[in-house]
Structure formats: structure tokens, C-alpha cells
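Scroll down for the structure; my scribbles are underneath it.
Only this structure's heavy atoms are used, side chains among them; waters, hydrogens and symmetry mates stay out.
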Amino acid sequence: MEKRELEKLESVELEEVRQSRDLPSPATAQQPRNRAKFSAATIIPVWIALSSGVIIYNNYIYNTLNFKFPVFLVTWHLTFAAIGTRVLQRTTHLLDGAKDVPVSKDMFLRSILPIGLLFSGSLILSNTAYLYLSVAYIQMLKAFTPVAILLITWATRISEPSRKLLIIVLMISSGVAVTSKGERFFSWIGFFIQAGGVGFEATRLVLIQTLLHGLKMDPLVSLHLYAPVCALINLCVIPFTEGLEPLRIVWESIIGSYSHAMSAVSGEAASNATVAIVGASGDLLAAIGEEAAPRITPFFLLTNALLAFLLNIAAVFLVGAGSGLVLTLAGVLKDVLLVAGSVVIWGGSVGILQALGYSIALCGLVMFKVSGGK
């Protein structure tokens with residue numbers, strides 16, 4: 001029974017690799033004590049909605065609100081998750097499994113820190129890719145993750161190639177290649193950034209399997225351990241990538257929201273708006289032909305981080321909700337719906353060549369998961 005449960009959990013982990021989400025997935029997992037259970041018909045639609053919602057919301061912030069600071073946004077997500085998991089630890093039984101994970105200094109330096117570095121790199125690169133590529137194309141590129149995992153394990157002699165796995169690698173690789181050929185708005189910069197994110201994520205998963213082998217953690221316990229580490233790592237990266245600009249924009253947004261609320265209470269909103277328009281006319285004229293200013297607000301930041309955190313919680317209840325095949329098919333359905341939804345929302349298009357390539361890659365992906373990577 002335990003073996004079957006671990007196979008389900010490994011399927012969930014591999015599915016989590018392919019989403020632009022802020023979840024570190026452990027190598028193995030256990031169900032939290034005293035946890036309510038939901039049927040697959042209940043939790044899978046919730047998980048699909050939350051997973052797709054996080055990706056669409058992130059892209060909306062980057063490209064519609066024009067807040068092009070992925071490192072800052074990822075750091076905010078991780079900080080929110082670090083606080084949120086500690087609140088849950090003190091108020092619920094969802095994180096009781098954290099008591100069974102002893103974290104010594106040696107374990108931190110040899111396992112937690114290197115895996116955290118890879119996870120930060122994966123999150124930063126995969127989120128940065130949204131500045132250059134469409135949501136649909138990024139999802140298609142993520143289908144290459146199992147191939148990267150296999151190539152790493154073969155190169156490091158962790159596992160040996162087989163005829164079945166070579167066929168799977170060929171199917172996924174050719175599918176992704178055909179998909180890239182059919183992409184109308186292809187960007188080499190975005191492609192290499194996303195490829196780097198896939199490489200970091202694949203290496204992270206291989207390290208989890210080797211360094212944390214036999215250590216049982218559910219996704220929420222894993223997030224509890226990695227979120228603060230990754231947040232601190234990202235804080236060290238921000239000064240060299242985005243500087244203080246995102247903090248300045250967020251601070252001005254907070255002050256502006258407060259001033260607007262106070263003006264509305266005092267009945268001066270109309271007059272202040274007139275003054276603001278007149279005073280800003282010179283800036284507007286100077287900004288003609290330039291990129292629109294970011295329109296981020298505290299509401300968007302809070303709801304975005306909350307949505308990502310709820311996805312982590314849903315992943316805990318997803319564990320054990322169905323068989324490995326059911327969860328695999330649910331992941332494929334999620335990706336297809338996300339690709340279709342992004343096309344509808346942002347008015348893009350998926351050509352016949354792309355659809356064919358993605359179908360081939362998905363078939364290879366399903367074969368990989370059903371075979372258990374063997």
C-alpha cells in the first residue's frame with residue numbers, strides 16, 4: 001500500500017515541475033495527520049483552477065499591469081509562503097509532518113541550501129520568461145522537463161537508458177522542436193531563459209531524489225522549509241537585477257492608495273483628481289511613445305500571493321486523491337485548458353504545427369509518467 005502511495009506522490013511531484021508555480025516538490029511525501037480528505041472529482045478541478053489562475057495572474061501582472069519585476073514578485077510569494085506556513089503550523093494540523101523532518105546544520109548545508117539555490121534559479125528564470133514568450137508557448141516548453149531529468153540522471157550514472165525511455169525522449173524532444181518551429185512570436189532570449197529554468201528545475205528534482213532519499217515531506221512541509229531560504233537567496237539577487245525600482249513603485253502605490261482613500265473620505269477626490277491631471281500633463285506628453293508605467297497596487301500583490309499559497313494547500317489535498325494515471329491525465333487537461341485559456345484571454349493563436357508538436361510531446365509525457373520513468 002505504501003509503495004502505491006509513493007508512486008502517486010511521485011506523479012504529483014512531476015506534474016508540479018511543469019507549472020509556473022511557487023511550490024517546491026519533495027521526492028517523497030506523506031499525508032498530513034488529521035487531514036480532511038476530498039474526492040478526486042472535488043480537489044482536481046480546484047487544483048486545476050488554482051494552478052492555471054496563478055500562471056494567468058502572474059502574466060497579467062507582468063504584461064498587462066506592466067510590473068516587469070519577476071525576481072521581486074517571486075521573492076514576495078516566497079515571503080508570504082514562509083509566513084503563511086508558520087501561521088498554519090501554529091493553528092492547524094497541516095504541518096504536523098514538519099516535526100518528523102530534523103534539520104541539522106549538516107543537512108542544511110549539504111541538502112537544503114543547494115536545493116534552495118536551484119529552486120530560486122528555477123523560479124526566477126521561469127518567471128522572467130513571461131516577459132518574452134507567450135503563456136501557451138511556455139507551457140509547451142515545460143513538457144521538456146522529463147527529458148532534462150533523464151539526461152541528467154544518465155549523465156551522472158544515477159540510472160541507465162532503456163529503449164522505452166529513448167523513444168520517450170525522442171517523442172518529447174521532436175514535439176517541442178515542432179512546437180518551437182510553429183511559434184509565431186519566437187524569442188531566442190525567452191527560449192534560452194525558459195530552457196535555463198527547466199535545467200535548474202530538473203537538476204533540483206534529481207538532487208531531491210539523491211540527497212533527500214527516504215525523507216518523507218508533503219508539499220506544504222517542503223514549502224515550509226524552502227520558502228525562507230529561497231526568499232533570502234532572492235533578496236541577495238534583487239540588487240544586481242532589479243535594484244530598488246520595484247520597492248519604489250510598490251511604496252508609491254501604497255502611498256497613492258492611502259491618499260486616494262483619505263481624499264474620498266474628505267470629499268476632495270474630484271478636486272484632487274483635477275489637480276493631478278493638470279500637474280501630470282507634462283509627464284504624459286513626455287511619456288508619449290514610451291512604455292506605460294506599472295500599475296501595481298497592494299490589492300494585486302496580496303491576492304496574487306494568496307492565490308499561489310492556496311495552490312500549495314490544494315497540492316497537499318491532491319496527494320492520494322486519485323491514481324497516478326488519473327493525476328497525470330488531470331495535469332495534461334490542465335495544460336491544455338491553460339494553453340486554450342491564454343489564447344482566448346490575450347488573443348494569441350496556436351497553429352496546426354504547434355498543436356501537432358504539443359500533442360506529440362504530451363503523448364511522450366504521459367508515457368513517461370505511466371512508466372514511472374523506467
Side-chain angles (χ1 to χ4, degrees), residues 16-24 51-81 115-145 148 176 179-180 183 185-205 226-227 229-250 291-296 300-301 304-305 307-308 311 335 338-339 342 346 348:
E16 293 302 320
V17 175
R18 301 191 301 113
Q19 56 180 316
S20 108
R21 104 134 180 42
D22 309 309
L23 284 180
S51 179
S52 302
V54 169
I55 294 173
I56 291 173
Y57 204 163
N58 285 352
N59 189 68
Y60 176 79
I61 289 177
Y62 294 140
N63 296 307
T64 302
L65 299 182
N66 207 39
F67 188 74
K68 299 182 182 298
F69 301 100
V71 182
F72 175 86
L73 191 65
V74 168
T75 306
W76 163 239
H77 283 187
L78 292 168
T79 303
F80 189 97
I115 292 173
L117 285 168
L118 290 170
F119 188 59
S120 289
S122 171
L123 289 174
I124 291 173
L125 291 175
S126 61
N127 276 266
T128 303
Y130 287 98
L131 304 183
Y132 302 93
L133 303 173
S134 67
V135 172
Y137 183 49
I138 288 175
Q139 292 306 118
M140 296 175 186
L141 288 179
K142 288 179 181 178
F144 193 76
T145 301
V176 171
T179 297
S180 300
E183 174 63 19
F185 304 103
F186 183 82
S187 167
W188 279 110
I189 296 177
F191 176 82
F192 283 119
I193 289 175
Q194 181 57 42
V198 169
F200 270 95
E201 185 64 11
T203 306
R204 181 183 76 90
L205 286 178
Y226 287 109
V229 176
C230 294
L232 289 175
I233 292 172
N234 286 6
L235 283 175
C236 297
V237 174
I238 287 181
F240 303 99
T241 56
E242 299 170 354
L244 298 177
E245 184 66 11
L247 288 175
R248 182 190 65 80
I249 293 173
V250 171
E291 192 171 313
R295 302 192 304 277
I296 196 70
F300 288 124
L301 289 174
N304 181 242
L307 191 66
L311 176 58
D335 283 344
L338 182 56
V339 169
S342 66
W346 285 287

For [X] and [Y], work out which heavy atoms get closest and say how close.
X	Y	result
F67	Y62	O-CD2, 3.3 Å
V339	A136	CG1-CB, 3.8 Å
L78	C230	CD1-CB, 3.5 Å
Q194	L133	CB-CD1, 4.4 Å
L125	G197	CD1-N, 3.6 Å
I249	F69	CD1-CE1, 3.5 Å

Distance in Å, [X] [atom1] paired with [Y] [atom2], rounded so as to fall on 0.5 Å steps:
X	Y	atom1	atom2	result
T128	L73	OG1	CG	10.5 Å
F80	L307	CZ	CG	10.5 Å
N234	L123	CG	CG	7.0 Å
E242	T75	CD	OG1	7.5 Å
I238	I233	CD1	CD1	12.5 Å
F300	I61	CZ	CD1	8.0 Å

Item to complete: Evaluate side-chain contact (heavy atoms from CB on, under 4.5 Å) for N127 paired with H77, printing each intermediate quantity in order.
Response: CA-CA 12 Å; N127 276 266; H77 283 187; 5.9 Å; no

Discussion item. Is the shortest side-chain heavy-atom distance between V237 and S120 below 4.5 Å?
Written reply: no

Fill in: Non-hydrogen side-chain atoms of S180 and L141 separated by less than 4.5 Å
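A side-chain contact under 4.5 Å exists here.
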
Discussion item. Before you tell me yes or no, could you show the steps for L118 and L205 under side-chain contact (heavy atoms from CB on, under 4.5 Å), namely the whole-Å CA-CA distance, both residues' side-chain angles and the distance that decides it to 0.1 Å?
Written reply: CA-CA 9 Å; L118 290 170; L205 286 178; over 6 Å; no

Practice prompt. Would you sort out whether T64 and N59 count as a side-chain contact (heavy atoms from CB on, under 4.5 Å), showing the intermediate values?
Written response: CA-CA 8 Å; T64 302; N59 189 68; 5.9 Å; no

Practice prompt. Taking the six-membered ring for Trp and the full ring for Phe, Tyr or His, determine whether the centres of W188 and F192 are under 6.0 Å apart.
Written response: yes

Worksheet item: Between F191 and F186, what is the ring plane arrangement, given parallel below 30°, perpendicular above 60°, and tilted in between?
Response: tilted

Discussion item. I'd like to know whether OH of Y132 has more than 12 heavy-atom contacts from other residues, nucleotides or ligands below 6.0 angstrom.
Written reply: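 Not more than 12 within 6.0 Å, no.
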
Practice prompt. Please report the C-alpha distance between L247 and F72 in whole Å, then the side-chain angles of each, then the deciding distance to 0.1 Å, and finally whether the side-chain contact (heavy atoms from CB on, under 4.5 Å) criterion is met.
Written response: CA-CA 8 Å; L247 288 175; F72 175 86; 3.6 Å; yes

Discussion item. Would the distance check show the side chain of D335 and the main-chain N or O of Q139 forming a donor-acceptor pair, the cut-off being under 3.5 Å?
Written reply: no

